[in-house]
Amino acid sequence: MRLRRVVVLLRKEFLQGPKNFMFVWALVAPILISLTISLAFGSLFSNETTLGIVDQGDSQLVELLDESTVSSREYSSVFALENAVAEGAVDGGLVLPNGFDSAIAMHQEIAVDFYLWGESLAKDRTLLTVTLTNLVRELAGSESPVEIQTITLGDEEAIPWEDRLLPFVVLLTVFVAGIALPGTSLLMEKEKKTIDALVVTPTGLREVFVSKGVLGVIMGTLMGVVILVINQALGSEPGLLIMILFLGSISASLAGLLMAALFDNTVTFFANIKMIGLILYAPVIIYLFPSLPQWIGKIFPTYYIIQPVVEVSQRGGGLMQILPEISVLIALNVGLAALVAFVVTRKKQYAV
């Protein structure tokens, strides 16, 4: 297999992509769906993230907050702040104890209470956490041993619908680009008989499969990032989220190539995608309804894409929290790659 031939074929895919309905649909559909959900649940043009503060010692952190992207609101007592957070009047609340500034200036350990509204959006939680961390560091001049004790108020189980639907949109984005793009492109080559013309040239069947697979991986990862940006859900670990999307796009692309290799036309291809739709989206359905046993989602392979995305973007998790799921996802990719390679080898032998 020659890399240069793969690059030439991939360039052709991108040049001819805008002429392909599925290519355009993979770009437009997820964005339209995401914007529609944001508009329907009122968060696209919602007010900025608000932090309530009880300042017991005239801290400079209050002045720094006024210059940040977070809107701040001062309260006279901890009781008033707790009520405001519990009712959703503010997204979070911070109690700055007396002597806070001098403690961090001298790098002394100090604990502060951070109240979080249980129904706040994931993007608001992330913004509050990142902003507070950066401002404390700025005030201290370096890393400071401040322990933030998070206390959730209100209904913790009432996950906002926009947050619940985000995994669905991300999965839809990755799989429309990952499965449909390489799959339909390969099947169109079959239907037009152009693949026969390609494989009699120095370009082999493997180069054709790899180029179409790389197309699905690039588009799936790119559009997944776009959706997270639109929903302000990249969080504090964007690199980790991009890695998850990349691995998920590989899974989707390999699945699309495998199905396209087994079927002869796009009608059969899409009919079978509809049939396996329940398997693909079952973990999303379970996540939509927290009252359902969440362990059921682990039965389905797409769980190992959705769970890491939710853990990192909405819960602030890191690599160690998602390592088991990532390990399973990598193993699934290796298995799918071996299966696709086997099918391609059999196709070549059959052609010979």
Side-chain angles (χ1 to χ4, degrees), residues 13 16-34 36 165 167-196 198-199 205 208-220 223-224 227 248-288 296-297 299-306 332-333 335-348 350-351:
E13 294 288 345
Q16 296 183 356
K19 303 175 185 177
N20 183 351
F21 170 78
M22 186 51 62
F23 189 95
V24 177
W25 181 249
L27 291 174
V28 175
I31 295 176
L32 289 178
I33 292 172
S34 185
T36 301
L165 290 169
F168 164 73
V169 181
V170 171
L171 192 65
L172 176 68
T173 301
V174 169
F175 273 77
V176 165
I179 289 183
L181 274 184
T184 54
S185 180
L186 187 61
L187 286 167
M188 287 173 66
E189 299 273 17
K190 280 186 179 182
E191 292 171 351
K192 295 178 181 178
K193 307 296 183 183
T194 52
I195 194 168
D196 297 330
L198 276 174
V199 295
L205 197 58
V208 174
F209 269 74
V210 170
S211 65
K212 296 184 185 302
V214 171
L215 170 69
V217 172
I218 292 174
M219 294 303 296
M223 293 308 299
I227 293 303
S249 297
I250 292 176
S251 298
S253 188
L254 288 170
L257 290 174
L258 182 61
M259 293 175 66
L262 296 175
F263 304 131
D264 295 324
N265 55 71
T266 52
V267 174
T268 308
F269 176 77
F270 282 110
N272 280 273
I273 286 180
K274 292 177 182 178
M275 288 178 61
I276 66 172
L278 180 60
I279 297 175
L280 294 178
Y281 295 106
V284 173
I285 296 171
I286 293 168
Y287 179 72
L288 285 175
I296 298 175
I299 300 171
F300 304 94
T302 48
Y303 169 87
Y304 300 95
I305 302 172
I306 293 172
L332 287 172
N333 285 347
L336 279 171
L339 195 55
V340 171
F342 173 75
V343 171
V344 171
T345 302
R346 291 294 300 270
K347 290 284 183 182
K348 285 180 66 178
Y350 177 77

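Count residues from 1 along the sequence.
- Partners of Ile273 under the side-chain contact (heavy atoms from CB on, under 4.5 Å) rule, at least two apart in sequence or in another chain, are Ile179, Met259, Phe269, Phe270.
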Could you go through residues 251-258 and list every donor-acceptor pair under 3.5 Å that involves a side-chain atom there, pairing it with any protein atom two or more places apart or in another chain?
{"residue": "Ser251", "atom": "OG", "partner": "Leu247", "partner atom": "O", "Å": "3.3"}
{"residue": "Ser251", "atom": "OG", "partner": "Asn333", "partner atom": "OD1", "Å": "2.3"}
{"residue": "Ser253", "atom": "OG", "partner": "Gly213", "partner atom": "O", "Å": "2.7"}

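- The two residues Ser249 and Gly220 have their closest heavy-atom pair at OG-C, 3.1 Å.
- The line from CD1 of Ile299 to CD1 of Ile279 is 11.5 Å long, rounded to the nearest 0.5 Å.
- Taking the side-chain contact (heavy atoms from CB on, under 4.5 Å) definition, one finds that Val24 meets it with Val28, sequence neighbours left out.
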Applying side-chain contact (heavy atoms from CB on, under 4.5 Å), run through Ile306 and Val170 and close with a yes or a no. CA-CA 8 Å; Ile306 293 172; Val170 171; over 6 Å; no
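- Legend: residues meeting side-chain contact (heavy atoms from CB on, under 4.5 Å) with Pro30, ordered by chain and number and at least two apart, are Thr173, Ile227.
- Considering every non-hydrogen atom in both Val176 and Ala180, the closest pair reads O-CB, 2.9 Å.
- Here the closest heavy-atom approach between residue Pro283 and residue Gly297 is recorded as CG-O, 4.1 Å.
- Considering CD1 of Ile286 and CZ of Phe300, their distance stands at 5.5 Å, rounded to 0.5 Å.
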Could you go through residues 336-344 and list every donor-acceptor pair under 3.5 Å that involves a side-chain atom there, pairing it with any protein atom two or more places apart or in another chain?
none

List the steps, then state whether side-chain contact (heavy atoms from CB on, under 4.5 Å) holds for Met223 with Leu27. CA-CA 7 Å; Met223 293 308 299; Leu27 291 174; 3.5 Å; yes
Quick one, Phe175 with Ile305, criterion side-chain contact (heavy atoms from CB on, under 4.5 Å). Give me CA distance, side-chain angles, the key distance, then yes/no. CA-CA 11 Å; Phe175 273 77; Ile305 302 172; 3.7 Å; yes
Could you please spell out the steps behind the side-chain contact (heavy atoms from CB on, under 4.5 Å) verdict for Thr302 and Tyr281? CA-CA 7 Å; Thr302 48; Tyr281 295 106; over 6 Å; no
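- Legend: side chain to side chain donor-acceptor pair (under 3.5 Å) pairs involving residues 177-186, not counting sequence neighbours, sorted by first then second residue: Glu13-Ser185, Ser185-Lys212.
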